[in-house]
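Only a predicted model underlies this, so the values are computations on that prediction, with no experimental measurement involved. Order of the sequence lines fixes the chain letters, A, B, ..., with proteins taken first and strands second; residue numbering starts at 1 for each chain.
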Amino acid sequence: MALTREQLAMRVARELSDGFYVNLGIGIPTLVANYVPDGMEVMLQSENGLLGMGPFPTEDEIDADMINAGKQTVTAAIGASIFSSAESFAMIRGGHVDLTVLGAFEVDVMGNIASYMIPGKLIKGMGGAMDLVAGADNIIVTMTHASKHGESKLLANCTLPLTGAGCIKKVVTDLAYIEIKDGKFWLKERAPGVSVEEIVKLTAGELVVPEHVPEMQF
Amino acid sequence: MAGFDKVVGSYEEAMAGLVDGMTIIAGGFGLCGIPENLINEVKRKGTRDLTIVSNNCGVDGFGLGVLLEDRQVKKMVSSYVGENKLFMEQLLAGELEVELTPQGTLAEKMRAAGAGIPAFYTATGYGTDVGKGKEVKTFNDRNYILEESILGDFAIVKAWKADRFGNLVYRHTAQNFNPMAATAGKITVVEVEELVEPGELDPAHIHTPGIYVDRLIVGTFEKRIEQRTVR
């Protein structure tokens, strides 16, 4: 079975370490915050200028001056700091954020990522995504393995405008955990109950399949 | 106005000198920390062919979105747009130009302009459409593109508190682009919720020193929430 959004977030959460500063993108990445392992502390960075993002507010706590990068009302966690956009992107571009998780439309074997624009359809802009993929060493892309029409999103070459070139090394999809190295995809884990054949069929770029592909653990 | 007192008496006075074709740098992220009343004054003045440098372009009927209603904007320089129908309509009709700029690069373009730095190298956007046509330089085996800073004819800024000398303090995440915008205007106009006397703000807790501020006015704010989300 393909992973649910929640299971995908659970798998990504296993990549967290105690003391990590983490930037989570909009969508599935946001859910990762719900699965931080017990006893582990991570601090969430929101690129509009908040390090130490807390939960959504209660009705009484709502404050128009307190939002996250998705423009949702939020609270600050204990030990948070608030700063300008320049400071925020200094920490992102300067490589100080330990882990970045973001969604994508396409990823290719060269580690290119397309996530912000579909010409003629979606032209809203890249927001902070280009800075995040350029600045982080440790990036995890989360997405469905294929489109609703069964078209692979793991390609030999991205077809959409790029968000970043040669910057992606890890992809967690609803079917598999894949690493990118030496111009190839490397199959590392498969979703429980998903066959290697199914993953191969839905991966358009060159995929290296080891003899044994373990099932994902959550 | 006397000495370092930056306070002006009206919004008309605050935006005096703004003419067609100028570039305005605006603080704010989404609808958070936007100079609501200064934007409304630009609408009232009817100034046209404006280039607006701001992370977003407001929503239909609020924030920078109101400047689209009478087609006052020629070009937007933003990282994320299209929360408003009118924006997309004008963009698709070719009536509005947009220069999509990565958020961190946008912040740095303002910061650099205010700091007297005409351009800077960044890895952000290298190998993408953003990097097309821009100078590339390699440092330590990594490629960077040259991005030029942006100075505004006007900068419009929203802060929480100010003293009469224009020393500013922002509130929570309403800070966002405002401190950089404040440095990047030939004329920087700031509106605040609360005005205090010089000496009342702790000098060590000033976010924007008054040297960057030319005009200051106290306003009342709607502070509309874009995504009301509760636990």
pair [X]-[Y]: side-chain heavy atoms closer than 4.5 Å:
X: B/Arg231; Y: A/Glu59; answer: no
X: A/Ile67; Y: B/Gln227; answer: no
X: B/Ile225; Y: A/Ile62; answer: yes
X: B/Thr105; Y: A/Asp131; answer: yes
X: B/Tyr80; Y: A/Met126; answer: no
X: B/Leu100; Y: A/Met130; answer: no
X: A/Lys71; Y: B/Leu31; answer: no

| query | Is B/Arg171 salt-bridged to A/Asp63, cutoff N-O under 4.0 Å? | reply |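 A salt bridge is present here (some side-chain N lies under 4.0 Å from a carboxylate O).
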| said: If you compare all heavy atoms of B/Val230 against all heavy atoms of A/Phe56, which two are closest, and at what distance to 0.1 Å? | reply: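 In this case the closest contact between B/Val230 and A/Phe56 is C-CB, 3.6 Å.
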| task | Of all the heavy-atom pairs spanning A/Ser84 and B/Pro179, show the shortest one and how long it is. | result |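 Between these two residues, the closest heavy atoms are CB-CG, 3.9 Å.
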| task | Select, from A/Ala165, A/Pro55, A/Ala64, the one with the greatest count of heavy-atom pairs under 4.5 Å involving chain B. | result |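 Most heavy-atom pairs within the cutoff with chain B belong to A/Ala64.
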| Picking from A/Leu132, A/Ile123, A/Asn112, which has the most non-hydrogen pairs under 4.5 angstrom with chain B? |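 Top count of heavy-atom pairs under 4.5 Å with chain B: A/Ile123.
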| A/Thr163 versus chain B, the contacting section by heavy-atom distance below 4.5 Å |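 Backbone only.
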| query | Using non-hydrogen atoms only, which part of A/Glu87 is less than 4.5 Å away from chain B: side chain, backbone, both, or neither? | reply |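 For A/Glu87, there is no contact with chain B at all, as no heavy atom is under 4.5 Å.
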| message | Just so I understand: if I count every heavy-atom pair under 4.5 Å between each of B/Met110, B/Glu226, B/Glu83, B/Arg224 and chain A, which residue has the most? | response |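 Of the candidates given, the most pairs with chain A belong to B/Glu226.
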| In Å, rounded to the nearest 0.5 Å, how long is the span from OG of B/Ser79 to CZ of A/Phe89? |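 Answer rounded to 0.5 Å: 7.0 Å.
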| Given B/Lys158, B/Gln175, B/Lys223, the one that forms side-chain hydrogen bond (donor to acceptor under 3.5 Å, both in side chains) with A/Asp65 |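 Exactly one option meets the side-chain hydrogen bond (donor to acceptor under 3.5 Å, both in side chains) with A/Asp65, and it is B/Lys223.
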